Structures are given as structure tokens and as C-alpha cells.
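Scroll down for the structure; my scribbles are underneath it.
Keep in mind it's a predicted model, so treat the numbers as computed, not measured. Counting begins at 1 with the first residue of the sequence. Values below: all heavy atoms of this structure, side chains included; hydrogens, waters and symmetry mates excluded. One-based numbering, in listed order, for ligands and for the atoms of each.
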Amino acid sequence: LRHRIASAFLALALPVLSTPSARAEVFTPVEPPRAVALREVITAPGPLTSVTHAGDARLFLTLRDGRVLILQNGAFLRKPFLDLRGKVGLEGEGGLLSIAFHPRYAENGLFFVASTARNRSVILSRYQVSRRDPNRADPATLRVLLTIRKTTPLHNGGQLHFGPDGYLYVSLGDGARGRSDVCDAQRDDTLLGKILRLDVDTGADRAPFYSIPPDNPFRGVSGKRGEIWATGLRNPWRFSFDRATGDLYIGDVGNSQREEIDFLPAGSPGGVNYGWKVMEGTTCFREAACPATTPPCNSPLYTPPILEYPHDDVGCSVTGGYVYRGTRLPQLYGAYVFGDFCAGRLWSAEREAVEGAWEVRDLPARAPVLTAFGEDRAGEIYAATLNGKLFQLVSPNPVDTVGLFDQAAARFLFRDLHLAGPANRALRFGTPGAGSLPLAGDWNGDGLSTPGLYDPATGGVQIKNSISRSPVDVTFLLTAPAGAAPVTGDWNGDGRDSVGVFDESTSTFFLRNALSAGLFDVTLSFGPAAGGRLPIAGDWNGDGRDTVGLYDPATGTFFLKNTLTGTATDLELEIDGAGADWLPLAGDWDGDGRDSAGLYDPATATFHLKNKPESGPADLVFQFGTPGGGRMPVAGEW
Ligand SMILES: [Ca+2]
Ligand SMILES: [Ca+2]
Ligand SMILES: [Ca+2]
Ligand SMILES: [Ca+2]
């Protein structure tokens, strides 16, 4: 059965003819791939068509067969939230297509459903949650807002999303009659091949249970449907809004040449024409049967895609996704994640800062028969497949972010993302002005980093296993040379960090594997003979053990070692722009399993973090905290 359903989807997606194309618009992924993995969450009892949330911790999954299932605490609730089995048409690409919860769902319990009827029409309907059970919809509350007649069971569109303006957006395909005889996507008297924008609050209590927003581009225009927001789409199967910016991203499935991502910036007045069927991506398709007023191919009246790819070897049918705005994958923040239905390939696209060009990277994970992406309340992204598999995008390795210790205030500030913004957490720890130096590490091996303090005058160490105002968990004295600077790392690869010190006068590291007083396990002398060097530690080669390094502020050079024996330096590098008072730190900023260097400029409160183990510009530059001395950087997975 699964294979048969997949074939039905594939039939329309597979190329009619495969023409090699090498136009400049076709993206070529840049290196390296973003470190992203797929964690299998659950397998649904049938093909999945969408994933969304209702503003709380539950995930709502739509099955093609008509069921809406609730995933809560890792398991499906036994009874469906809504069950439209037997009421939806399953021919071709038909079925339950998606749902969207009203922005004020918590108050009004309203949600909207896109599905196909047995007669191939696309139906937009509204339901309300049951008054007695928040996990059950009340089927008797059904109201039908729109019935869009279609003659084929293909190109339904069917994605629903509320925009940042509170209006309901609805995507509709062209009904798959675009090749020769019909040009619905370019006709504004039909809703096919469009994205609609509806006010579902005004007029919500009587048919048709919606109204046309006053600023819709075709409202009141003779011969045009006022519901239309965007035109010239073939099968905008998936679209989404960036929850941070309100920008609209549309994955428009192509014919035989090009899969495309279309874009509409927040604040657009609408009425944008994306070109189908005159254009397929940036190539010319057909003008047959289009209205006389239809612009010719390559007309500037068409808005080209921001991204497109050919079918040859890459994929066959784009599955539009989301801009990642969660916190678990700092390496993906702000990137648009999308994929291909057939190959199950996943990509991220980011707008390059200087030129504004879109840079695509491979995500090294595959989800064949990828039908949809979805977001949870926190902005974490999921991928769903026709095989019923639900995956969550996760980092293959813990990702470090930065923190600061303010000596004068005895206060730690922690940040969860590699970008400017307020502290996600703060902790008062130690005595203001006491001159303690900050530590950060995963002392108990639970995967989370927590702070510590080192007193260079006494060798006293204080360790906490949580970022809370609980008592200090561990205290002990290191018999270290006075004035030595602390380092933290997992020297023996047992999954727990411990402490060491670097004595500048003898250029020697003293490292201990246990969080207790006692003899040092490692004594290591290395490094150039020069004053003022600062110690760092990290797993530079990804072998699971941390080793040490030195930073020479005078020359802005890092000297890194991959072993804890010998005097040789394995790697030397510089970060562009380093100033003499910048302070070093190290962490795995991109989740690839290897730590790399970073610098903090106290004068501007700016971090400069590098992912590659080579000299050059920093990959991540952002401000955090307030400028001024006495603030020291730390790194960890908080
Ligand atoms: Ca921990
Ligand atoms: Ca260890
Ligand atoms: Ca290592
Ligand atoms: Ca890394």
C-alpha cells in the first residue's frame, strides 16, 4: 500500500523529460554541510501530510487518510483529535492535506482544515475543539468556507498558515491542467494556482464564514477573485512564514525542469505573480491558453524564485520547509530548511550577509518520501514522510554557545544562540570583586555545561552542576603555582570535564582528571617562550578527548596541541582583526564534533568565533553583554 501511494505521488512529480541544465540560477551547495541529524520521533499508522502545534506542547499530525493525531510526551493519544476517514478523497494526491490553529485558539478553539473531497474538490473547512476534552475536536462544529472545484486529483496545494497579520493563508495548486489546454495559474478569476489571504474573524458566524481583507490586492476588482494574495503558482504544496520576520517562503513544485522556492518579504502588498505556467523557475514553459494580458516569458512582471534546482540527479519535487528559529540547533538559526520529496535530501539556505545571495548547504540526513516539515511551539523543526515517519532535526553533537563572567558583580550571563541578544540565563556566583576566574564544563556528564570558579590566589575550585541558586556542589583545592590560570576539559575521554591550570612562568599545564584535591594526572610543557599567553582547551580533532592550547595576544596566534605529550604544536592559527586585549575561548560552535577557537573583545563586548581550524575571518561575529573590562568569556552547552 505504501508503495502504491508513493507511486501515485511520484507519478506527477517525476520528470516528463530530463534535460540537463546548468543555468547560473541553479544552486550548488557550499561547503561544509551544516551538522544536522534526523532523530526518529515516532511512526504514525499511515502516510503523514503535515505537522503543527496549537500553541502548547502537543504536536498535531495529519494523516493522509483523514485522521489528526496528537503526539504528547512521545506517544500518540489513543483517540484521534479529528477523524475524517471516509470523508476525504484519496485519489491521486488527495486526502487530508493540513490543518492550522487560529492564533487565539486558546480562547476560541477554532482550527482550519484543508482536504480533498471524493469529487476531487479542495475543501477549506473550520472546526472547533470539544468543550469537554481539549484532545478532541467536535465534528458537529464543521463549517465549510471554500469548495474549490478541480477536475484532476492532482496539484491540490493545501497548506494552511496564519500570517503575522492574523489572516489565514491558503495555497492551491493549478489542478494539473496547465500543460496545454488551461492556464488557471495566470487567470485571476479562479483560485487555482494561487495563495489566498482570508479574514476568518470578520463574518465568521455566517456563510461563507470569512471575508476579504480590505487590503487584498484584487479586492473589488472586476473579474478577479478578492481572496487572491499571490498568483502564478503550479503546486505550492508547502509554504511557511518566518516566525521572526514574517517573510513568506513558498515551495512550488515544478513540472519537468525546475523545483523552486519563491519568496515574499514581510510587508509586501501582495499581488505578486510567480510566473507559472509561462515560466517554470527561470525557464520558459508555455503560454498556451493564457489570457491575452499575460506577460511574456522573462517579463519583469514575474517574480523569479530565490532558489531553484533541476531534476537531474538532485531531486524531483520540492518540499518547502521553515526558517529555523529554535534553540537546539544554534548552527541552523535563521536558515530556511527545505528538501526534496523523492530523494529525501535536505538543505538549508541562508542569505549571505554582504551580497545578499542565497547560500545553500546540504544537511547530511535523508528523509525519503518527504511530505512535510513542521514546527513545534519552540520553533524546533520536524520532517514527516509518506511512510509515516516523523523525524526531528537535531544536532549530531552538542553545540557550545557563549557566556560571560562579570568579576565585579560575580555574575555569569549565558547565551543560547550565536547572535546578539539578551542573556538566556544568569547566575550570581561567588563574591563580587574577589578576583575569581570563571570555569565552565560538563562536570557530571549529563550533557549540559555548568559554571565553576577558580581562585588563582589559593587554588580553590568551586563547581556547580546546575545553573541555579542552589549550593555549590563540589569544592576542593588545587596545589597549583600561585597566579596560574585555569583550563577545563575532558582529558581522559570519560565524558566528564575536570580542571587544570597553566603556569605561565614555566609554560606548563597541570591537569587533573578528578574533581578533587590530589596529584595532577598530566604535566605538559609546550608553547613559544613569550609572556602573556592565555590557556584554552578543546577537542580540536574530534577524538573525544580535550587537549590544550595557548593564545598569544601579542601576535594574535593560537597554538593548539592534539595530544597531552611532547612539546610540538599541532596547529597554529589566527583570527582576523584580533586586538591585543581580546580574550580566547574554545567550543564546538557548529556541532561537527570538533572544538575550535574564538575570541572575545571586551571593549565592544563582541564575540568572534571560528569553525574551521585555519587562519582567516571569524565565522560568527556578534555582540553579547556590555562593553568593559573585568568580563571574561566562557563556552558550553548550557
Ligand atoms: Ca553537566
Ligand atoms: Ca574526564
Ligand atoms: Ca582531541
Ligand atoms: Ca566545530
Does the side chain of Gln331 come under 3.5 Å of the side chain of Ser395 through a donor N or O and an acceptor N or O?
yes
Examine the side chains of Arg39 and Gln392 and answer whether a donor and an acceptor come within less than 3.5 Å of each other.
yes
If you draw the axis of the six-membered ring of Tyr333, does the NZ or CZ of Arg325 fall within 45° of it and under 6.0 Å from the ring centre?
yes
Can the ring centres of Phe624 and His418 be said to be less than 6.0 Å apart?
no
Near the Ca ion (ligand 2), is there an N/O/S atom from Gly489 that is less than 3.0 Å away?
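So Gly489 does not count as coordinating the Ca ion (ligand 2).
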Below 3.0 Å, can you find an N, O or S atom of Asp490 next to the Ca ion (ligand 2)?
yes
Backbone or side-chain N/O/S of Asn444 under 3.0 Å of the Ca ion (ligand 1):
yes
To the nearest 0.5 Å, what is the distance between OG (Ser348) and CZ (Arg361)?
7.0 Å
What's the O-the Ca ion (ligand 4)-OD1 angle here (Arg594, Asp588), rounded to 10 degrees?
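Reported to 10°, the angle equals 90°.
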Nearest to the Ca ion (ligand 1) - the N/O/S atom of Asp442, by atom name:
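Among the N, O or S atoms of Asp442, the one closest to the Ca ion (ligand 1) is OD1.
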What atom name does the N, O or S atom of Asp592 nearest to the Ca ion (ligand 4) carry?
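So the atom name we want here is OD1.
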Which atom, counting only N, O or S, brings Asp590 closest to the Ca ion (ligand 4)?
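Looking at Asp590, the N, O or S atom with the least distance to the Ca ion (ligand 4) is OD1.
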So Tyr249 and Phe263, would you call those rings parallel, tilted or perpendicular, with 30° and 60° as cut-offs?
perpendicular
Should we count CD of Glu355 as having more than 12 external heavy atoms under 6.0 Å?
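It does not: Glu355 CD has 12 such atoms or fewer within range.
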Please report, to 10°, the angle around the Ca ion (ligand 1) from atom OD1 (Asp446) across to atom O (Leu448).
90°
Name of the Asp494 N, O or S atom nearest the Ca ion (ligand 2)?
OD1
